[in-house]
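Here is the structure we will look at, set down as structure tokens.
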Amino acid sequence: MTRKVHVETWGCQMNVADSEKMLSLLQGMDYVLTEDEKEADLFLLNTCHIREKAKHKVISRLGMLREMKKQRPGVQIAVTGCVAQAEGAKLLKEAPQIDVLVGPGKIDELPALIQKSTVEGTAAMATGFNKPGDELKRGHHDHNTGTVPPTLTGKNEVTRFVNIIQGCNNFCTFCIVPFTRGREISRQPGEILAETRRLVEGGAREVMLLGQNVNSYGLDLVEKGDLAAGNDGPFVELLRQVANTPGLQRLRFTTSNPHDFTRPLAQLFADDPRMGRYMHLPVQSGNDRVLEVMRRKVTVEEYRERIRWLRDAVPDMAISTDLIVGFPGETDAEFEDTLKLVEEVQYSFIYAFKYSPRKGTAAARMPGQLPEAVMDERLARLNALQDSITMRQTEAECGAVREVLFLYESKKSPGVFYGRTEHFRLVRVESSRPLVGECLPVLITGGNKTALVGELADRITLH
Ligand code: SAH
Ligand code: SF4
Ligand code: F3S
């Protein structure tokens with residue numbers, strides 16, 4: 001009998017990609033996706049542990065589902081993702097309403113665990129990781145069948161995610177990810193190319209290669225002797241090969257750690273227009289002492305050098321970043337250095353976060369944890385500065401003609417389409433004919449800090 005699953009995804013794109021994989025596994029068990037909670041037989045919560053707030057959302061959602069389960073005892077709850085890995089058996093104890101708990105390294109076991117919990121009537125769990133060097137097993141189900149995994153919302157089928165490397169070896173002192181995702185394990189290039197080809201044949205126009213630290217892609221494969229080192233390193237080699245997928249219009253990747261960012265990678269943006277003219281390069285702080293205590297392994301000057309490589313290659317390169325305010329011991333003057341860097345680089349946008357202590361990380365044990373009010377004030381100043389920069393850029397865009405890849409149509413207002421420029425700015429365009437999946441010139445007429453507004457300029461030729 002067909003059963004229905006309701007999928008809820010928090011956190012980064014890797015979780016979105018994992019949710020799609022899990023949905024595809026569940027379809028193999030005769031589950032179909034439902035957006036309507038009332039008819040769901042299974043709730044799948046794919047969770048994030050990056051900051052305390054992200055974890056709270058999961059805990060409060062679990063509370064709501066416990067009440068619901070009292071009315072509908074047959075319903076099952078599966079908790080997956082980074083909270084599942086970090087909390088494991090402790091979470092099962094605290095939240096007995098959970099039927100299945102699966103860490104990000106054990107996704108393949110989800111169907112078996114659901115089966116086990118159904119048959120035995122008790123909770124089933126699997127956490128932990130493959131050892132580095134083990135064959136990466138995830139994603140094999142869709143390689144075997146050759147089918148395109150489903151999207152979760154149907155909102156954006158133009159951009160699809162392809163996981164290229166799991167885990168992270170960096171251990172930045174604030175970050176939980178190495179604990180929730182394990183060590184770096186790269187997928188074989190052949191698998192990545194095959195998956196990309198299938199997604200593009202299935203209608204994707206843009207592919208985003210994913211990993212917590214994509215720049216170190218393949219280093220483990222080279223070490224094992226599975227891959228030749230090549231002159232420009234395995235990640236640049238991989239990008240060159242994936243870019244040649246027939247029908248692929250744009251190729252993007254995230255996230256890059258500046259430590260492993262190389263000049264040939266910057267040069268690739270100049271050599272291949274499919275790479276767009278945008279990249280996300282997280283810096284976290286504009287102060288050397290803070291960067292060192294964060295264990296980011298680059299200085300501000302080394303970070304600037306990477307920005308120069310990019311802008312030497314592509315002068316109008318748009319760059320975004322992640323920043324943390326209120327890292328333990330951060331002084332006012334050190335925070336000012338972050339403001340200076342933001343002003344200097346002229347980011348197109350930033351993701352700024354208040355530092356959130358994560359149990360088990362080195363920074364959580366450091367002295368000088370700052371009061372919430374100090375972090376609130378710093379965050380507000382930083383965001384206000386970036387807003388003014390983004391608004392200046394928006395004004396400068398007016399009158400420009402940009403090539404826009406259209407990603408989705410507004411559900412609330414049919415005829416309103418959203419796409420992104422090569423600089424990754426979101427653009428809103430009204431049109432009586434469908435635009436999704438097309439790459440078209442758009443005249444920018446206005447906008448705000450979140451989105452530009454434009455009109456189709458089909459007859460204008462791009463230079
Ligand atoms: N792998 C990426 C980052 C992944 S986490 C990189 O190295 O850049 C995404 C962002 O969350 C980080 O860049 C950081 O800005 C933020 N973040 C991570 N841990 C955090 C914490 N404990 N408190 C606040 N922000 C955090
Ligand atoms: Fe976390 Fe640092 Fe790894 Fe990024 S590079 S995932 S911030 S430990
Ligand atoms: Fe969150 Fe895990 Fe991603 S902690 S940001 S879902 S890797």
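Both ligands and their constituent atoms are indexed starting at 1 by order of listing.
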Sidechain-backbone polar pair: S117 side chain, I114 backbone, donor-acceptor under 3.5 Å
no
Judged by atom type as modelled, is there a donor-acceptor pair below 3.5 Å linking the side chain of T180 to the main-chain atoms of C82?
no
CG on L101 to CE on M125, rounded to 0.5 Å
5.5 Å
Is the number of heavy atoms from other residues, nucleotides or ligands under 6.0 Å of [X] [atom1] greater than 12?
X    : atom1 : value
E336 : CD    : yes
D36  : CG    : yes
E344 : CD    : yes

Is [X] close to ligand 1, meaning an N/O of one under 3.5 Å from an N/O of the other?
X    : answer
C175 : no
Y355 : no
S256 : no
N213 : no

For ligand 1, does [X] get within less than 4.0 Å through its side chain, its backbone, both, or neither, judged by non-hydrogen atoms?
X    : result
K354 : backbone
R358 : side chain
P282 : side chain
F174 : both

Can you check which of T321, D322, T173 brings a heavy atom nearest to atom 9 (C) of ligand 1?
D322
Nearest non-hydrogen contact with atom 7 (S) of ligand 2 belongs to which option: R295, R296, R181, M14?
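Residue with the shortest heavy-atom distance to the ligand atom: R296.
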Distance to 0.1 Å, residue and atom name: give those for the protein heavy atom nearest to [atom].
atom                    : result
atom 3 (Fe) of ligand 3 : C12 SG, 2.3 Å
atom 6 (S) of ligand 3  : N15 ND2, 3.3 Å
atom 4 (S) of ligand 3  : H49 N, 3.2 Å
atom 17 (N) of ligand 1 : R51 NH1, 3.4 Å
atom 23 (N) of ligand 1 : S356 N, 2.9 Å
atom 15 (O) of ligand 1 : Q284 OE1, 2.7 Å
atom 1 (Fe) of ligand 2 : C175 SG, 2.3 Å
atom 3 (C) of ligand 1  : Q212 OE1, 3.9 Å

Would you please determine whether R296 falls within less than 4.0 Å of ligand 1 on a heavy-atom basis?
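R296: in contact with ligand 1 (<4.0 Å).
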Is there a heavy atom of I50 sitting under 4.0 angstrom from any atom of ligand 1?
yes
Enumerated ligand 2 atoms positioned under 4.0 Å from heavy atoms of [X]:
X    : answer
F174 : 7 (S)
N170 : 3 (Fe), 5 (S)
F171 : 8 (S)
P178 : 8 (S)
V177 : 6 (S)
N257 : 5 (S)
C172 : 2 (Fe), 5 (S), 7 (S), 8 (S)

Those atoms of ligand 3 less than 4.0 Å from some heavy atom in [X]:
X    : answer
C82  : 2 (Fe), 4 (S), 6 (S), 7 (S)
C48  : 1 (Fe), 4 (S), 5 (S), 6 (S)
Q212 : 3 (Fe), 7 (S)

So, for [X] and [Y], is the gap between ring centers shorter than 6.0 Å?
X    : Y    : value
F253 : H280 : no
Y278 : H423 : no
F179 : F171 : yes

Do D337 and K340 sit within salt-bridge range, that is, some charged N less than 4.0 Å from a carboxylate O?
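A salt bridge is present here (some side-chain N lies under 4.0 Å from a carboxylate O).
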Would you call D387 and K449 a salt bridge, taking side-chain N to carboxylate O under 4.0 Å as the test?
yes
Can you tell which part of [X] has a heavy atom less than 4.0 Å from ligand 2: side chain, backbone, both or neither?
X    : value
C168 : side chain
Q284 : neither
P282 : neither

side-chain contact (heavy atoms from CB on, under 4.5 Å) partner of Y217, the single match among D220, L219, L221
L221
Classify the contact between M14 and ligand 3 as side chain, backbone, both or neither, using a heavy-atom distance cut-off of under 4.0 Å.
neither
At the 4.0 Å heavy-atom cut-off, does Q13 count as touching ligand 3?
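Distance cut 4.0 Å: Q13 fails for ligand 3.
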Assess the side chains of [X] and [Y]: does a donor N or O sit below 3.5 Å from an acceptor N or O?
X    : Y    : result
T394 : R425 : yes
N170 : K297 : yes
T159 : E206 : yes
S19  : N46  : yes
N215 : S256 : yes

Less than 6.0 angstrom from the centroid, inside 45 degrees of the normal: does R306 satisfy that with respect to the ring of F261?
no
Parallel, tilted or perpendicular: which describes the rings of Y351 and F353, with under 30° parallel and over 60° perpendicular?
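The rings of Y351 and F353 lie parallel, inter-plane angle below 30°.
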Over 60° means perpendicular and under 30° means parallel, so classify the ring planes of Y303 and Y347, tilted if in between.
tilted
